[in-house]
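Atoms considered below: every heavy atom in the structure, side chains included; atoms not considered: hydrogens, waters and symmetry mates. In what follows, chains carry the letters A, B, and so on, assigned in the order in which the sequence lines appear, proteins first and then strands, with residues in each chain numbered from 1.
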2 protein chains.
Amino acid sequence: MVTAVTNTEPRRRNRRGEGGKLREEIIAAAIALLDEGGDERAVTLRSVARKAGIAAPSIYAHFADQPSIMLAVVQQEMDRLAAALREADEKAGQDPRQRLFAVCNAYLDVARQHPQRYRIMFGGLWTPSVEDTSITDDELESLGAEALTLLADVLGACVGAGIAHDSDDLYGDAVALWLGLHGLAHQRAVVRKMPGPADVAERLITALAHLKSGSLEQG
Amino acid sequence: MVTAVTNTEPRRRNRRGEGGKLREEIIAAAIALLDEGGDERAVTLRSVARKAGIAAPSIYAHFADQPSIMLAVVQQEMDRLAAALREADEKAGQDPRQRLFAVCNAYLDVARQHPQRYRIMFGGLWTPSVEDTSITDDELESLGAEALTLLADVLGACVGAGIAHDSDDLYGDAVALWLGLHGLAHQRAVVRKMPGPADVAERLITALAHLKSGSLEQG
DNA sequence: GGAAGTAAACTAACGACTGTAAGTCTACGA
DNA sequence: TCGTAGACTTACAGTCGTTAGTTTACTTCC
């Protein structure tokens with residue numbers, strides 16, 4: 001990840017052929033604005049330019065327009081989310097229950113660590129304006145497809161190990177589980193204090209994965 | 001509900017003592033902009049004034065500033081949501097299963113009928129700016145409290161009737177169920193096409209309410 | 001090593017829109 | 001007739017996205 005630029009000196013121009021570096025710095029600046037500022041309205045083309053220490057029109061060499069910046073941010077963070085889920089799954093070992101909770105908690109952690117990013121990833125204001133830009137519906141759908149297949153995979157492992165009740169539609173259950181995680185993650189990202197007990201996450205996961213009761217508890 | 005004003009003639013001034021009428025018209029105009037326009041950025045103080053057929057500064061007689069309009073919209077729609085849930089519950093009769101699905105489906109219907117309104121209710125951009133304005137955290141939390149207690153009530157009825165597994169924390173289960181519903185409702189409100197099977201709602205409700213398998217099916 | 005070409009940025013400016021303040025009109029009701 | 005609630009007009013300072021034209025400095029070629 002490119003560290004955010006809080007500029008004072010006039011910024012060294014990139015070498016020839018390294019102009020693409022600025023693209024990453026622009027995305028990093030947009031993310032920095034998102035993280036520190038209240039909402040995505042703080043991420044304007046001009047504010048991004050200020051944050052990156054460049055002149056506003058310089059952005060047009062790398063992005064067609066303002067929504068394109070937001071789109072790039074979303075795509076990058078989607079990749080990071082997918083990578084985090086994969087990594088959590090790999091580190092969890094072979095036990096299906098461990099894998100399930102590892103992946104789900106990783107999802108919730110990513111959302112909790114960067115609430116503002118999570119907000120624009122799923123249901124941010126960039127979505128409508130994207131109609132005019134380059135992204136296709138399929139591209140948009142496939143962004144979360146990897147995460148869903150991973151969830152379905154883990155659910156299948158739970159069923160196979162006999163710790164979850166059998167299912168007629170693993171993918172459907174994966175979608176339902178994801179929707180539950182999303183509901184929790186999104187609500188946490190939006191309100192300052194979540195109502196309800198502390199173990200809501202376990203409740204959601206246990207119920208939506210159809211885990212059989214009386215199993216070991218999750219650490 | 002006050003019908004939206006699409007003005008051409010110069011608008012009849014309200015009678016003495018009826019100045020409060022304009023307040024409702026302003027809220028209705030904001031909602032109309034929300035429904036027809038893409039996102040909440042279309043709801044500016046000036047656009048609301050245009051829609052209502054009044055001059056922009058006239059709004060300040062009824063609202064302190066622009067976020068206050070959005071806040072009023074959210075509060076009104078929250079009340080409508082709570083009323084819809086109550087009505088669905090009353091119409092469902094006595095059968096706990098019928099009540100459960102009636103209330104949950106009513107929630108999803110409200111969200112589906114007015115996606116943009118749902119978006120600003122839960123996780124809209126008005127939230128951060130509210131810090132400066134009048135609403136308190138408690139007020140914000142209590143907005144959904146009524147819906148949660150209703151859900152917990154219905155869940156308790158299901159347990160009492162023996163169609164749901166016993167629970168140690170009904171309120172916690174109600175929160176989890178609501179989070180699942182919210183995840184589905186929000187995702188539907190945001191994307192154009194929801195991935196996953198058509199019966200995701202039933203899957204979510206059945207799992208999160210801990211309904212015992214082998215019961216009657218839902219019409 | 002100096003000249004030239006060009007990538008990578010800049011400055012200046014436009015038109016549009018925003019929220020809000022200050023002061024003014026006007027028609028209803030007593 | 002007249003006070004005032006309920007509106008209006010005008011205006012300001014600020015920000016936005018974007019276009020047009022200009023400068024700077026790296027790299028390559030003679």
Side-chain angles (χ1 to χ4, degrees), chain A residues 2 5 7-27 29-30 33-34 37-73 125-126 128-130 132-133, chain B residues 2 5 7-27 29-30 33 37-72 125-126 128-130 132-133:
Chain A
V2 181
V5 183
N7 214 30
T8 49
E9 70 249 27
R11 185 198 135 81
R12 271 202 56 157
R13 169 179 307 199
N14 282 319
R15 292 251 171 77
R16 280 226 174 173
E18 295 181 344
K21 275 189 179 176
L22 183 52
R23 187 189 153 88
E24 294 178 20
E25 292 181 28
I26 291 171
I27 295 179
L33 282 170
L34 211 53
D39 55 61
E40 58 252 50
R41 272 175 304 193
V43 187
T44 69
L45 190 141
R46 294 183 104 106
S47 69
V48 168
R50 279 193 295 268
K51 192 78 182 176
I54 60 173
S58 301
I59 291 184
Y60 287 97
H62 304 277
F63 296 94
D65 48 13
Q66 190 268 342
S68 300
I69 305 174
M70 230 55 183
L71 178 60
V73 169
L125 287 182
W126 61 277
S129 50
V130 156
D132 312 324
T133 42
Chain B
V2 182
V5 184
N7 214 28
T8 49
E9 69 250 28
R11 186 198 134 82
R12 273 202 55 158
R13 169 180 307 198
N14 281 320
R15 293 252 169 77
R16 282 228 172 169
E18 295 180 343
K21 274 189 179 176
L22 183 52
R23 188 190 152 89
E24 294 178 22
E25 293 183 30
I26 290 171
I27 296 179
L33 283 171
D39 55 59
E40 58 252 51
R41 275 175 302 193
V43 186
T44 68
L45 190 141
R46 294 183 105 106
S47 69
V48 168
R50 279 192 296 269
K51 192 78 182 175
I54 59 174
S58 301
I59 291 184
Y60 287 97
H62 303 277
F63 296 95
D65 47 15
Q66 190 269 341
S68 299
I69 305 175
M70 230 54 183
L71 178 59
L125 288 181
W126 62 277
S129 49
V130 157
D132 313 325
T133 41

*For Ile54(A) and dT23(D), what is the distance between atoms CD1 and P respectively, to the nearest whole Å?*
21 Å
*asked:* Can you give me the bend angle of the helix from dG1(C)-dC30(D) to dA30(C)-dT1(D)? Use the axis through the first five pairs and the one through the last five, nearest 10 degrees.
replied: 10°
_Nearest 0.5 angstrom please: Ile26(B) CD1 to Ile59(B) CD1, how far?_
5.0 Å
_Partner residues of Ala61(A) under the side chain to side chain contact (heavy atoms under 4.5 Å, CB included) criterion, sequence neighbours left out_ = none
*Pairwise distance CD(Glu24(B)) to CD1(Ile27(B)) - rounded to 0.5 angstrom*: 7.0 Å
*Indicate the atoms forming the closest heavy-atom contact of Val48(B) with Ala29(B), along with that distance.*
O-CB, 3.8 Å
_Residues in side chain to side chain contact (heavy atoms under 4.5 Å, CB included) contact with Ala64(B), at least two apart in sequence or another chain_ = Ser68(B)
*Identify, with sequence neighbours excluded, every residue that meets side-chain hydrogen bond (donor to acceptor under 3.5 Å, both in side chains) alongside Ser47(B).*
Thr44(B)
Expected rows: protein N/O vs nucleotides 11-17 of chain C N/O, under 3.5 Å:
none

*asked:* On a heavy-atom basis, which atom in Leu45(B) and which in Gln66(B) lie closest, and how many Å separate them?
replied: N-CG, 3.8 Å
*Rounding to a whole Å, what distance do you find between Leu45(B):CG and dT18(C):P?*
9 Å
*Taking atom P of dA20(D) as reference, at what distance in whole Å does atom OH of Tyr60(A) sit?*
12 Å
*In whole angstrom, give the distance that lies between atom CZ of Phe63(B) and atom P of dT20(C).*
13 Å
*Can you measure from CD (Glu40(A)) to CZ (Arg41(B)) and round to the nearest 0.5 angstrom?*
7.5 Å
*asked:* Nearest whole Å is fine: how far is dA8(C) P from Arg23(A) CZ?
replied: 14 Å
*Whole Å only: how far is the NE2 atom of His62(B) from the C1' atom of dA7(D)?*
9 Å
*Report the C-alpha distance between Leu34(A) and Met70(A) in whole Å, list the side-chain angles of each, state the deciding distance to 0.1 Å, and finish with yes or no for side-chain contact (heavy atoms from CB on, under 4.5 Å).*
CA-CA 10 Å; Leu34(A) 211 53; Met70(A) 230 55 183; 4.0 Å; yes
*Take atom CZ of Arg41(B) and atom P of dT18(C), then tell me their distance rounded to the nearest Å.*
13 Å
*In whole angstrom, give the distance that lies between atom CD1 of Ile59(B) and atom P of dA7(D).*
12 Å
